Amino acid sequence: MDIDPPTTHSHRSDVAEMFRPPVNRAMRVLDRSFFKKTVPVSAATIFNHKNISRVRNELIKSEDALVLPRLQPIIDFKKGDTIMKALLLREGIKHNEPATWSPKVSELVDSGVVGVAPYDLTLEYDYWTYPDIIASILPEDLLSDMPQGFTQIGHVAHFNLREPYLPYRFLIAEILLDKNPTIRTVIRKTEDVGSHSEFRTFPYEHIAGDRDMNVVQNEQNCEFRFNFAKVYFNSRLEVEHRRLVDKFRPGEMVCDVMAGVGPFAVPAGKKKIFVWANDLNPHGYDAMQYAIQKNKVLKFVTAFNMDGRHFIPWAAKELLKNEPLTVKLYPKPPRPDTAAGKKKKPLPPPEIYKRPQVFDHYVMNLPGSAIEFLDAFKGVYEGHENLFAPHTDKPLPLVHVYCFSGHSENEHDDHVDICKRISERLGYTITTEDCVGGTGNPELELSIHNVRLVSPNKQMFCASFRLPREVAFNK
């Protein structure tokens, strides 16, 4: 029901039935007042405030305290005109039946430290969680896979609801808003990503909250601002963005062919990595321009708005033609020292980064079709063999291409499928044995990383390989 399968949570609570919310499976309009519930329990009234900590620790240790999530066991207890502290006791302990008391409760009562009294515990809508409320409203036959997972982009929650849950979507969305203070808008995808747009956007239905799709998303200590209705962004890919950026070294040159709003490019720029980042979507390009300026990576990241297939050979040739670029980063001077006669320490020398003439990495994050762009690498460095090993110490670039494959019982079958498709587009055979330590061509340094399960039969991968000489210098 989400782009990723949601984390599985059972609707059955470990707490006793008496502490679960009231059930109304006929509810179609959210009635928060319905969920107010009074539960009779017992409480250990503490006669001297100095004993609060002692009583709490001893009754928790003896497992006599009432343990409920999000509920503090120490309460204010009114006795006549006096307000005293009390500790809620677990269900089963009856204030008027000493036979139900544990030895520890009896000991504290006999020593005059506490009394045992009845207490009406009131639980309301605000106390229960989203799964608690949903489980008390949905029909029982829908509880085994009730909708819980969602993707959050800024203040927007994005649900993928399956057909049986659509009649309850407004109810579900309203509860979700109540229970997640950082969410202001709830939408659901109505058709597949990219089904109506080459920009990977998707048709959606607004089901609750504000109709504001302009979001602020923070990732890897970078801020991104964009209209979620006009660009593609998946917050569940943050770990993958970080994984790949961590492979880049300061001073390297990266070509991000399908950069989106810049989740690879901008964090890389913060690591002093040079990036030429391109996206076909003008809205994505504008958002990336904002992120480059906002996150102060102008010296390292340059944005482009071109077709990816054209950008691959164009960027390689354009970079070779460009004048050498050197970035000097001067250390910040220390604050003035007011101590009289104290000598100022000399500043350390500036950090110097020289932009390479050729790319060290290509990133192709368009999993639905990126493999189809690989034929654009044919001859990308034709005539420039002298720039690479063995003539220099510069290896050919690593290509990181994202793709989908099946979710086979044996993942090796998916890797074989990916290699076959890559080979067909490159016009050069790559096999699963071309990994480091494999029996194939170790120069290709092939690795295939499992990114995430998209659906039961669809897996996202990142295949990384060194661009073959036969492709790069193809005539």
Side-chain angles (χ1 to χ4, degrees), residues 1-7 9 30 129-131 133-134 146-162 165-166 168-242 258-264 266-267 279 281-291 294-295 365-368 451-452 454-455 460:
M1 46 137 283
D2 202 345
I3 296 176
D4 283 342
T7 304
H9 301 280
L30 184 60
T129 63
Y130 168 87
I133 299 295
I134 290 294
M146 64 183 187
Q148 294 187 69
F150 59 88
T151 299
Q152 185 172 350
I153 312 292
H155 65 269
V156 176
H158 168 214
F159 260 119
N160 287 344
L161 289 175
R162 296 193 297 108
Y165 298 96
L166 292 183
Y168 309 95
R169 63 190 184 279
F170 300 111
L171 197 58
I172 290 169
E174 195 170 355
I175 298 167
L176 184 71
L177 277 178
D178 287 343
K179 300 301 179 180
N180 293 271
T182 61
I183 293 174
R184 292 193 286 109
T185 303
V186 185
I187 63 171
R188 74 172 186 93
K189 185 176 72 176
T190 56
E191 294 186 50
D192 290 340
V193 171
S195 60
H196 289 264
S197 169
E198 61 183 334
F199 300 145
R200 289 191 288 173
T201 55
F202 53 85
Y204 68 89
E205 177 189 22
H206 172 270
I207 48 178
D210 300 341
R211 293 183 177 272
D212 178 14
M213 296 293 281
N214 293 300
V215 301
V216 178
Q217 179 74 15
N218 290 287
E219 185 174 299
Q220 296 188 71
N221 297 316
C222 296
E223 179 184 300
F224 300 90
R225 288 178 181 260
F226 50 88
N227 187 313
F228 186 44
K230 296 180 179 179
V231 303
Y232 176 83
F233 193 93
N234 189 342
S235 59
R236 290 184 178 269
L237 289 174
E238 180 174 3
V239 172
E240 177 58 19
H241 297 153
R242 190 184 302 276
M258 301 96 171
V261 302
F264 289 110
V266 176
D279 201 77
N281 184 345
H283 300 290
Y285 169 77
D286 289 342
M288 181 161 47
Q289 287 275 52
Y290 168 85
K294 176 68 177 178
N295 297 286
N365 183 25
L366 190 68
V451 178
R452 66 190 183 102
V454 178
S455 69
M460 181 177 173

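Everything numeric here is computed off the predicted structure, so don't read it as measured data.
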Kindly give the heavy-atom pair with the smallest separation between [X] and [Y], and that separation in Å.
X    : Y    : value
M258 : L366 : CG-CB, 3.9 Å
P267 : F224 : CD-CZ, 4.3 Å
Q217 : S235 : NE2-CB, 3.7 Å
A287 : V261 : CB-CG1, 3.7 Å

Taking atom [atom1] of [X] and atom [atom2] of [Y], what is their separation to the nearest 0.5 Å?
X    : Y    : atom1 : atom2 : answer
R236 : I153 : CZ    : CD1   : 9.5 Å
Q152 : N180 : CD    : CG    : 7.0 Å
F233 : F226 : CZ    : CZ    : 5.0 Å
I175 : Y168 : CD1   : OH    : 12.5 Å
Y232 : D279 : OH    : CG    : 12.5 Å
T185 : D210 : OG1   : CG    : 5.0 Å

I'd like to check [X] versus [Y] (side-chain heavy atoms, cut-off strictly below 4.5 Å). Are they in contact?
X    : Y    : result
V186 : F150 : no
K179 : I133 : yes
P131 : M146 : yes
I172 : P147 : yes

Do [X] side-chain atoms and [Y] backbone N/O form a donor-acceptor pair below 3.5 Å?
X    : Y    : result
T190 : P203 : yes
E174 : L176 : no
H206 : A208 : yes

>> Could you go through R188 and Y165, starting from their C-alpha distance and side-chain angles, then the distance that decides it, and tell me whether this counts as side chain to side chain contact (heavy atoms under 4.5 Å, CB included)?
In response: CA-CA 12 Å; R188 74 172 186 93; Y165 298 96; over 6 Å; no
>> Walk me through whether E240 and M460 qualify under side chain to side chain contact (heavy atoms under 4.5 Å, CB included).
In response: CA-CA 11 Å; E240 177 58 19; M460 181 177 173; 5.7 Å; no
> Who passes side chain to side chain donor-acceptor pair (under 3.5 Å) against H155, sequence neighbours left out?
Replying inline: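 H155 satisfies side chain to side chain donor-acceptor pair (under 3.5 Å) with R184 only.
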> With no hydrogens and no angle check, do the side chains of H241 and Q220 hold a donor and an acceptor under 3.5 Å apart?
Replying inline: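 On atom types as modelled, these side chains do not qualify, holding no pair under 3.5 Å.
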> Given the side-chain rings of F202 and F228, with only the six-membered ring counted for Trp, is the space between their centroids under 6.0 Å?
Replying inline: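 Yes.
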>> Under the rule for side-chain contact (heavy atoms from CB on, under 4.5 Å), what residues qualify as partners of N295, not counting sequence neighbours?
In response: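 Scan of N295 (side-chain contact (heavy atoms from CB on, under 4.5 Å), adjacent residues dropped) gives C222, E223, V266, K270, A291.
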>> For V156 and M213: C-alpha separation, side-chain torsions, deciding distance, then whether side chain to side chain contact (heavy atoms under 4.5 Å, CB included) applies.
In response: CA-CA 7 Å; V156 176; M213 296 293 281; 4.2 Å; yes
>> Let's go through R452 and N234 carefully: what are the C-alpha distance in whole Å and the side-chain angles of both, what is the deciding distance for side chain to side chain contact (heavy atoms under 4.5 Å, CB included) to 0.1 Å, and is it a yes or a no?
In response: CA-CA 12 Å; R452 66 190 183 102; N234 189 342; 3.2 Å; yes
